[in-house]
Structure formats: structure tokens, C-alpha cells
J.: 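What follows is a single structure, and I will ask about it in a moment.
Each chain gets a letter, A, B and so on, in the order the sequences are listed, and its residues count up from 1.
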2 protein chains.
Amino acid sequence: MREGPDIARIASLVGDPARANMLNALMGGTALTASELALEAGVSLPTASSHLSKLMEGGLLTLASQGRHRYYGLAGPQVAGMIEAITGVAEAVGPKRVRPGPRDGAMRVARVCYDHLAGEQAVAMLDRLVARDILLRNDNEIRLGPSAASHFSAIGIDVGAKPRRPVCRACLDWSVRRSHLAGTLGAAILDKILAEKWARREKDSRAVVFSPPGKQAFERVFLG
Amino acid sequence: MREGPDIARIASLVGDPARANMLNALMGGTALTASELALEAGVSLPTASSHLSKLMEGGLLTLASQGRHRYYGLAGPQVAGMIEAITGVAEAVGPKRVRPGPRDGAMRVARVCYDHLAGEQAVAMLDRLVARDILLRNDNEIRLGPSAASHFSAIGIDVGAKPRRPVCRACLDWSVRRSHLAGTLGAAILDKILAEKWARREKDSRAVVFSPPGKQAFERVFLG
DNA sequence: AGAATGCTTCGATGGAGACCGAACTATGCG
DNA sequence: CGCATAGTTCGGTCTCCATCGAAGCATTCT
């Protein structure tokens, strides 16, 4: 009967299937409306609304009201990280997947993690950026290297702005068990990939699928 | 209504206060009996037993029977990592701690994480070992450096044995948000610290408190 | 063998909360 | 203003499960 942070409270929020589905959907990074989340969770609108207010009260979500729409999103990278950690355990102890399936394979290669890219591609990218000294890494702390500004501005990403959120962050990848790049730079790179149509997001999934030429372009720019 | 690893199942296991208390207690690293865990969770023995079988079925615990005692322990580092992640969120969104309190401070400095040392001291130690090339680090992968064997055997730790568990592992620290050393080497170092009485474990807590001379000795050996 | 200890199983109870339909509020549109 | 859409609140039902006492196994001690 010890004290400390109330982990049961947080875990029980994630522990309901409807809420877990909602959180999973929000791991895609885009904020969703209550009706979209109700559909996603397979429950009625009133039920979804009740779940959402609980998640809000628990501090796991943020809310952005725009007119008559109310967009719910994950409260931050830490929450996303927790979901990834739980997913990792569920994956490990869960029923031995009868068959990894093609979609599952695609998820391992590349997927969206909150607002940035995850999966093998993302891990390889961070490795390469560090190897080329474009980013400087010390454990989970990642800083811009001397050539970062010119390198990224050449491909249309401005790293000069100083938002409150850190520019770079390491984020643990549940499929590869290594880190990939998060932070505003990670988000900007994902934006770039999608804007250039190097890859598209799989419908109803976190998977990100590169087109063959898109993959080449990505590798030339980030793994070159 | 999407598929994938059943995160709700895992989270709901942690989501019950009694079970959360048990898991928290097991984060201390030592396996405990059902009665000890019942006491820890503040429930009767039958109730605890029921919880334990659920946790077992969920794959979060391992069981070692020794005579009439049955020792329950965390199933592995991944489970411990998940608990740390949830703890981090609970800490962040939880009621703004009225006062950090001395015990809380002690936890930040040094505590037990599963079977090894965590906290500021542990993070500093890993940094230093890597800086001295005694350990070689590439992201979460940590290997022994050339001088590791002689360095550790000089202080009575044998790194030659080849157990199934990896010798070194990086483990994310929830208070410092950086990595510390896990794996058999991490465990051996914690054993050493306690065996030499450089530090003692706080009663009913994960905190590890160094004595002044113990701290000096520890710093000389590992941070020197 | 008999007693004691450690733990699990059984059965019954009670309470929490997930759920939905209906009514209500708020915003936008013509 | 009146209608439509988005969302929340309310009231009631129903299921699940945490809980404990009592009884049942298993192991060890004497």
C-alpha cells in the first residue's frame, strides 16, 4: 500500500477497449472529432463522449475547439511513448501472431508515431544523420550539428525557429527497439515526405507506404 | 475498431489499484511471495492470489516455486520499462505534487529499477563508463569495451560468463529521462554496491541511499 | 502421522462503470 | 428565425469483476 504517482488511474484509462482504440487512432498524430473517434471505437456517440471526457480529465488528451467541431489529440509525446511501451508488451506477450500479415510488415518498415516517422526507415534515418554529424547525439538528447541548418534548409525545412517544443528528441521504436527522431524536426520531415508524395498513409492504419521512386528520393536525401 | 496487439488487455491489468501496487512493489527487483504482495497491495490473500493469476495469465509475471513458497517476479525488462513509462505519465499529469518530499528526492538520486540501479547516479555512471570507453554504446545497444574485463574483474565483477540475458542494456530512466545501465552487468553492479554496503535500500521504497563514504567509494570506482 | 504454514479455489455479495436512447445545448446555414 | 449538424448530459439497465470467508491442497516441521 505505497504512495506515489497513481499509475492505476492512468492505466485503467487505457485499459478500456473503447478508449484504447481511440488512443490508438490518435497515435496517427492527427486530431480527430468525437464522432470519428466513436466510429473508430465502435461505440455510440454518447458513450464516446463520456470516454473522451474521462481521458481529458486524466490529462491524456488535448482539445482544440474550432466552431462546432472539437478536435481531440494526444496530450504529448510522453503519452505517445507510454502507448508505444504498452503496445510493445502486448505484442510480446500477446497471442503469437498467427501470421504477420502484409499490413503488419508495412507497419514495421514505416509508420506514423504521433507526428513523426517510425519504423525501420526512421531508425535508419536517425542513424545516418548522426553518422554524418548532421545531428549530434548524446543518449536521448539530440542537437543540431553545425551543418544541420544548411542541410535541412536545402530541402526546404527551416530549423531556425525556436518553438517551445524541442527540435529534436529521441523516441523509442517498439518494432525495432531502437530510437528514431521525434521533435519538431521529426514532424517536419514527415510533413516533407508526405508533401512530396514520396509516401502515402495507408487508409485506417498508421502504416506509411513509400512509392518506389519516393523511396529512392527519401534515401538520397536522408540516407545518402 | 482496429486490430493489433491488445493494449487494453495489458493496460487493464495494470489498471487495478491492487495489481498496480503489486507491480510497483516488484519494480524493486526482488521476487516476492503471494502473502507479501497481498500485504503490499492491502488486500486479503485470496484476492491477491486471484490478481496474481491474472497477471500471470497476462504474461506480466514469472513464477518460481521453491518448496512451499512461490515467488512472483516481473516477467522482464520490457514489462519494467512499460511500468516506468506509465509512471512517467502519471507523474506528469498527476496532482501537482504539493511538495517533492525527501523520499522523493532520494528516489531521483538513486533507486532500484527491476534489478539494477536507476536515477541520477546511475545515469552519470553509464555516461562515465561510455566516456572512458569501458563500455561502447550505439543507441540502445551497449557492448563491452576492450578494457571492460580487466576493469570489472579488478573490482570483483566477472563479465566473462555468457548468460542468456544480455550483459548490457540501456534502460530509460523516468526521472532523468536519460538511459542507465541494465542487463546482467547492471545487476552485478547493484549487487556490488549493496554487498559493499556503500548504500542501503530504504525500507518499503525503491530508494537507494548512499552513505557518505559509500558514495565516495562508488564515485571513485565508477565515476573516477 | 499430525499439526502448521503458504497458497489456491469456490461461492456469494456488492459496487463500479460501460452502454444506449432520449432530451438538451451549441454552432453553422439559408 | 428555423432547420440541420456536432456534441454533451441525463437516467436507467446490465454486465463484469474486485472482494472476502470458508474450505481445499500442498509442503514442511516435529
Side-chain angles (χ1 to χ4, degrees), chain A residues 1-2 6-26 30-75, chain B residues 1-2 6-26 30-75 86 90:
Chain A
M1 199 86 115
R2 68 186 54 240
D6 193 349
I7 97 171
R9 183 174 130 80
I10 300 300
S12 71
L13 284 174
V14 187
D16 176 82
R19 286 192 294 260
N21 281 330
M22 291 175 170
L23 290 169
N24 234 326
L26 292 173
T30 50
L32 299 172
T33 64
S35 1
E36 288 170 320
L37 287 166
L39 193 68
E40 199 73 44
V43 294
S44 73
L45 231 159
T47 304
S49 183
S50 153
H51 284 309
L52 288 170
S53 58
K54 276 168 194 161
L55 288 170
M56 284 294 297
E57 200 177 351
L60 299 190
L61 299 186
T62 52
L63 173 58
S65 287
Q66 280 181 22
R68 64 177 158 182
H69 294 273
R70 314 192 72 185
Y71 289 95
Y72 290 93
L74 290 191
Chain B
M1 198 89 114
R2 67 187 54 241
D6 194 349
I7 97 171
R9 184 174 129 80
I10 301 301
S12 71
L13 283 174
V14 187
D16 176 84
R19 286 193 293 259
N21 281 330
M22 290 175 171
L23 290 168
N24 235 328
L26 291 173
T30 49
L32 299 172
T33 65
S35 2
E36 289 169 320
L37 288 166
L39 192 69
E40 199 72 45
V43 294
S44 74
L45 232 159
T47 304
S49 184
S50 153
H51 284 309
L52 288 169
S53 58
K54 278 168 192 158
L55 289 170
M56 284 295 296
E57 199 177 352
L60 299 190
L61 297 186
T62 52
L63 174 58
S65 286
Q66 279 181 22
R68 64 179 158 182
H69 294 274
R70 314 190 71 185
Y71 289 95
Y72 290 92
L74 288 190
I86 299 173

J.: Heavy atoms from C-beta onward define the side chain here; which of dG7(D), dA22(C), dC19(C) lies closest to that of Asp16(A)?
T.: dC19(C)
J.: Output the distance between atom CG (Leu45(B)) and atom OG (Ser50(B)), rounded to the nearest 0.5 Å.
T.: 11.5 Å
J.: Touch check for Ser50(A), heavy atoms < 4.0 angstrom, all strands: base, sugar-phosphate only, or nothing?
T.: nothing
J.: Among dC17(D), dC20(D), dT8(C), which nucleotide sits nearest the side chain of Thr47(B)?
T.: dC20(D)
J.: Out of dC19(C), dT19(D), dA22(C), which has the shortest distance to the side chain of Ala18(A)?
T.: dC19(C)
J.: At less than 4.0 Å, is any side-chain N or O atom of Lys54(A) found next to OP1 or OP2 of dG17(C)? Yes or no.
T.: no
J.: Any donor-acceptor pair under 3.5 Å linking the side chain of Arg19(A) with the backbone of Leu13(A)?
T.: yes
J.: Given dA18(C), dG7(D), dG21(C), which nucleotide is nearest the side-chain atoms of Arg19(A)?
T.: dA18(C)
J.: Can you figure out which of dT19(D), dG7(D), dC19(C) approaches the side chain of Tyr72(A) most closely?
T.: dG7(D)
J.: Just verifying a value: how many Å separate Ile7(A) CD1 and Asn21(B) CG, rounded to the nearest 0.5 Å?
T.: 8.5 Å
J.: Tell me the interatomic distance from Glu57(B), atom CD, to dC17(D), atom P, rounded to whole angstroms.
T.: 12 Å
J.: I need the Leu32(A) CG to Leu37(A) CG distance, nearest 0.5 Å.
T.: 5.0 Å
J.: Figure out the NE2/P separation between His69(A) and dG28(C), and round it to whole Å.
T.: 9 Å
J.: Using the side-chain heavy atoms of Thr33(A), tell me which of these nucleotides is nearest: dC19(C), dC20(D), dG7(D).
T.: dG7(D)
J.: Just checking Tyr71(A): base, sugar-phosphate only, or nothing, at a heavy-atom cut-off of under 4.0 Å?
T.: nothing
J.: Hey, which sits more toward the 5' end of DNA chain C by its nearest nucleotide, Ala48(A) or Ser53(B)?
T.: Ser53(B)
J.: Compare the minimum distances between each of dT8(C), dT8(D), dA18(D) and the side chain of His51(B), then state the nucleotide with the smallest one.
T.: dA18(D)
J.: Using the side-chain heavy atoms of Arg70(B), tell me which of these nucleotides is nearest: dT8(C), dG7(D), dA22(C).
T.: dT8(C)
